[in-house]
Amino acid sequence: MKVVFVAPPPPASSRAVKYPGLPASHSLLGPHGETASCSAAAPRVGPPAARQPKLPVPPLRLGQLPAASPPPATAMSTWRKGHLGTSSSEPLTVIVIGNGPSGICLSYLLSGYTPYVRADAVHPHPLLHRKLTEAPGVSILDQDLDYLSEGLEGRCQSPVALLFDALLRPDTDFGGTMESVLTWKHQKERAIPHVVLGRNLPGGAWHSIEGSMVTLSQGQWMGLPDLQVKEWVCRKRRGLRNSRATAGDIAHYYRDYVTKKRLGHNFVSGAVVTAVEWGTPESSGSGVQDPGPLFQVSGFVTTEDQSRQPFSLCARNVVLATGTSDSPARLGIPGEALPFVHYELSALEAAMRAGTVSPASDPVLIVGAGLSAADAVLYARHYNIPVIHAFRRPVDDPGLVFNQLPKMLYPEYHKVHQMMRERSILSPSPYEGYRSLPEHQLVLLKEDRQAVFQDSRGLQKVFGVALVLVLIGSHPDLSFLPGAGANLAVDPDRPLSAKRNPIDVDPFTYQSARQEGLYAVGPLAGDNFVRFVQGGALAVASSLLRKEARKPP
């Protein structure tokens with residue numbers, strides 16, 4: 001069954017607004033989801049050192065996966081036939097869907113760049129150091145990741161993510177600046193043929209963010225293997241602001257990384273995947289080992305003349321690296337479909353230009369207690385737009401992100417948090433034009449722009465509003481998968497969520513627990529910061545190398 005994927009509208013600019021006279025905002029973690037169609041032509045793509053299969057792939061059973069057809073020559077004229085395969089007998093080894101930090105890091109590892117522990121390296125973690133010395137000269141990709149990561153603790157639940165982070169940034173959690181214990185060797189014979197499909201340029205949704213925004217994470221944590229952000233920024237003669245980089249610099253860094261590491265031949269930009277299907281080849285009856293499932297990946301590429309050219313590719317393995325920023329979360333209340341309800345900060349900008357909102361208008365209602373909502377508050381208050389800020393949690397709830405951010409690094413967000421605390425609807429405060437509604441739930445929106453709230457005691461309040469911004473997070477859009485990927489989650493009966501219900505993967509290979517050959521990395525697998533998504537890439541690359549080693553000669 002093919003599920004048609006409807007590309008979402010251009011990305012919200014809730015992360016794309018400059019605040020004149022105010023500290024620039026952030027971009028929360030790495031926005032791995034490719035949330036915008038890119039009209040740029042696909043880059044010139046050539047084949048890596050391809051391994052041509054020695055044996056034909058047995059035909060598929062009738063009624064399962066149809067044979068993959070090569071894209072028309074005009075659709076991907078820069079794709080050489082040897083790379084794509086001219087028929088279903090020559091599937092690609094790997095297709096990566098998503099070209100954000102996860103996809104880039106994985107491409108680096110699959111291109112033959114191999115990590116080894118430096119002979120003179122001394123890791124500050126004694127147990128890990130002892131384990132690393134037990135296999136001198138053996139690549140990390142060829143070692144037991146379960147064994148190496150045992151006993152590591154940190155700010156992530158993934159053991160392999162903690163391992164790779166500890167190897168790349170050994171003492172960063174203690175304020176240290178010790179260099180990586182890894183050295184990298186480019187071993188072309190270890191390269192695995194792959195293609196990375198992304199809607200944006202390499203870097204994914206980072207290219208959809210206003211360049212002046214400041215990253216939530218420290219700049220050094222945004223870096224990929226063997227090219228430190230600080231080193232790259234210095235070469236560009238720029239600086240890190242309070243150790244945080246701008247989103248524009250990070251987007252440029254990721255694009256530059258692909259160029260400097262010579263990965264560009266694996267990347268296709270402007271590519272939208274509309275369907276992924278899989279089936280099991282029949283046994284040929286000739287003693288040929290069952291090669292496992294085959295995947296068909298279909299979609300289109302937007303070319304320079306804005307036309308859409310279809311493609312259909314066949315692969316042994318598919319890696320989902322699309323992030324989770326595709327579809328804004330909704331409240332599910334009556335009146336939410338009214339035309340004055342929006343999910344992007346760009347709607348506030350447009351309303352200001354149109355005169356719908358102004359310092360003299362009814363307030364803008366901002367729903368949410370995360371950093372997107374804080375961005376909206378900062379923007380509105382800079383232009384003296386009156387604001388009602390509603391959120392369901394208490395202000396001092398330890399789960400609020402404001403209570404987890406150091407004040408010195410994030411003064412703009414702590415200012416919003418202070419306003420949330422001191423400007424309750426019933427309390428006097430110096431913040432004229434701003435009022436907060438802690439522990440209030442929006443329950444109804446009326447056509448006459450009346451917003452009905454209910455507090456923790458069940459009492460209702462009604463306010464007139466000029467515009468409603470619902471900024472309560474986003475969900476991944478996996479509608480290109482059968483059943484929109486619902487059956488792949490840890491709990492198939494609940495919505496897929498990066499924080500609460502990610503794709504169920506093996507923690508040491510990141511292969512789906514439900515489908516052989518299907519992998520998920522980044523937020524889809526529960527890794528929500530660029531610093532830690534790289535561990536998933538390490539696990540996938542290690543798994544795929546082992547698969548390739550088991551293939552018959």
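Along the sequence shown, residues carry numbers from 1. Please read these numbers as outputs of a predicted model, since none were measured by experiment. Side chains included, hydrogens not; waters and symmetry mates left out as well; all remaining heavy atoms used.
- For the atom pair CG of L345 and OG of S372, the computed distance is 9.0 Å after rounding to the nearest 0.5 Å.
- Scored by the salt bridge (Lys or Arg N to Asp or Glu O under 4.0 Å) test, K261 finds D226 as partners (sequence neighbours excluded).
- Between I503 and L496, the shortest heavy-atom contact is N-CD1, 3.6 Å.
- Summarising the geometry, atom CG belonging to L518 is positioned 6.0 Å from atom CG belonging to L488; distances are rounded to the nearest 0.5 Å.
- You'll find the side chain of L524 reaches within 4.5 Å of the side chain of L478, heavy atoms only.
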Residues V318, I97; criterion side chain to side chain contact (heavy atoms under 4.5 Å, CB included); working and verdict: CA-CA 7 Å; V318 168; I97 304 174; 3.9 Å; yes

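- Annotation: the span from I104 atom CD1 to N266 atom CG amounts to 11.5 Å, rounded to 0.5 Å.
- Judged purely by distance below 3.5 Å, without hydrogens or angles, the side chains of S107 and H194 pair a donor atom with an acceptor atom.
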T302 and R199: CA distance, side-chain angles, deciding distance, side chain to side chain contact (heavy atoms under 4.5 Å, CB included) verdict: CA-CA 9 Å; T302 304; R199 296 189 195 169; over 6 Å; no

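- Here the closest heavy-atom approach between residue A369 and residue A373 is recorded as N-CB, 4.2 Å.
- With hydrogens and angles disregarded, a donor-acceptor distance shorter than 3.5 Å links the side chain of H123 to the backbone of A166.
- Summarising the geometry, atom CG belonging to L162 is positioned 8.0 Å from atom OG belonging to S149; distances are rounded to the nearest 0.5 Å.
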Side chain to side chain contact (heavy atoms under 4.5 Å, CB included) assessment of L544 paired with N317: CA-CA 9 Å; L544 292 172; N317 304 277; 3.6 Å; yes

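- Between L109 and P115, the shortest heavy-atom contact is CD2-CD, 4.5 Å.
- Every residue two or more places apart in sequence or in another chain that forms a side chain to side chain contact (heavy atoms under 4.5 Å, CB included) with R393 is listed here: D397, L400.
- By the side chain to side chain contact (heavy atoms under 4.5 Å, CB included) test, L127 pairs with H125, R130, K131, sequence neighbours left out.
- Among residues two or more places apart in sequence or in another chain, the side chain to side chain donor-acceptor pair (under 3.5 Å) test is passed with S139 by none.
- Residues L320 and L481 are in side-chain contact: their nearest non-hydrogen atoms beyond the backbone lie under 4.5 Å apart.
- The stretch residues 94-116 participates, sequence neighbours left out, in these ring-ring contact (aromatic ring centres under 6.0 Å, His included) pairs: Y108-Y113, Y108-W184, Y108-Y257, Y113-H186.
- Closest approach of A541 and L106 over heavy atoms only: N-CD1, 4.0 Å.
- The main-chain N or O of F295 is never found under 3.5 Å from a side-chain atom of R316 such that the two would form a donor-acceptor pair.
- For D142, the side chain to side chain donor-acceptor pair (under 3.5 Å) partners two or more places apart in sequence, or in a different chain, are R190.
- In this structure, V96 and L197 have side chains that are not in contact, with every pair of non-hydrogen atoms separated by 4.5 Å or more.
- Between the Q143 side chain and the L148 main chain, no donor and acceptor come within less than 3.5 Å of each other.
- Under 3.5 Å, the side chains of E548 and T93 contain no donor-acceptor pair of N or O atoms.
- A donor-acceptor pair is defined here as one N or O able to donate and one able to accept, closer than 3.5 Å; such a pair exists between the side chain of S542 and the backbone of L141.
- For D146, the salt bridge (Lys or Arg N to Asp or Glu O under 4.0 Å) criterion is met by no residue, not counting sequence neighbours.
- In R330, the CZ atom is crowded: over 12 heavy atoms of neighbouring residues, nucleotides or ligands sit closer than 6.0 Å.
- Within a 6.0 Å radius of CZ in R514, other residues, nucleotides and ligands contribute more than 12 heavy atoms.
- Contact check for L371 versus V401: side-chain heavy atoms found under the 4.5 Å cut-off.
- Looking only at atom types and distance, the side chain of D506 has no donor-acceptor partner in the side chain of Y519 under 3.5 Å away.
- For the pair P293/Q515, a side-chain contact is recorded, criterion being any heavy-atom separation below 4.5 Å from C-beta on.
- Here the closest heavy-atom approach between residue R546 and residue D144 is recorded as NH2-N, 4.4 Å.
- For E336, the side chain to side chain donor-acceptor pair (under 3.5 Å) partners are Y343, not counting sequence neighbours.
- A donor-acceptor pair under 3.5 Å is absent between the side-chain atoms of Q296 and the main chain of W278, judged by distance alone.
- Taking CG from L294 and CD from E277, the interatomic distance works out to 12.5 Å, rounded to the nearest 0.5 Å.
- T259 and R255 are not linked by any side-chain donor-acceptor pair at a separation below 3.5 angstrom, with hydrogens and angles left out of the test.
- When all heavy atoms are compared, the tightest approach of C105 to F164 is SG-CE2, 4.4 Å.
- Taking 4.5 Å as the limit, every side-chain heavy atom of P159 sits out of range of all side-chain heavy atoms of E150.
- To the nearest 0.5 Å, atom CG of residue L163 and atom OG of residue S158 are 9.0 Å apart.
- With a 4.5 Å cut-off on side-chain heavy atoms, V268 and F311 do not count as touching.
- A donor-acceptor distance shorter than 3.5 angstrom exists from the side chain of T274 to the backbone of S298, with no hydrogens or angles considered.
- In this structure the side chain of T114 never reaches within 4.5 angstrom of the side chain of I140, judged on heavy atoms.
- Just one residue in the list V521, L538, V319 forms a side-chain contact (heavy atoms from CB on, under 4.5 Å) with Y510, and that residue is V521.
- Not one N or O on the side chain of R392 forms a donor-acceptor pair closer than 3.5 Å with the backbone of G368.
- By the side chain to side chain donor-acceptor pair (under 3.5 Å) test, S512 is found to be paired with no residue, residues two or more places apart in sequence or in another chain being considered.
- With S479 contributing its side chain and A484 its backbone, the two residues share no donor-acceptor pair below 3.5 Å.
- Evaluation of the side chain to side chain contact (heavy atoms under 4.5 Å, CB included) rule for A315 yields L92, I95 as partners, not counting sequence neighbours.
- The only member of L145, L152, D165 that meets side-chain contact (heavy atoms from CB on, under 4.5 Å) when paired with V160 is L145.
- Not counting sequence neighbours, the partners of A513 by the side chain to side chain contact (heavy atoms under 4.5 Å, CB included) test are D504.
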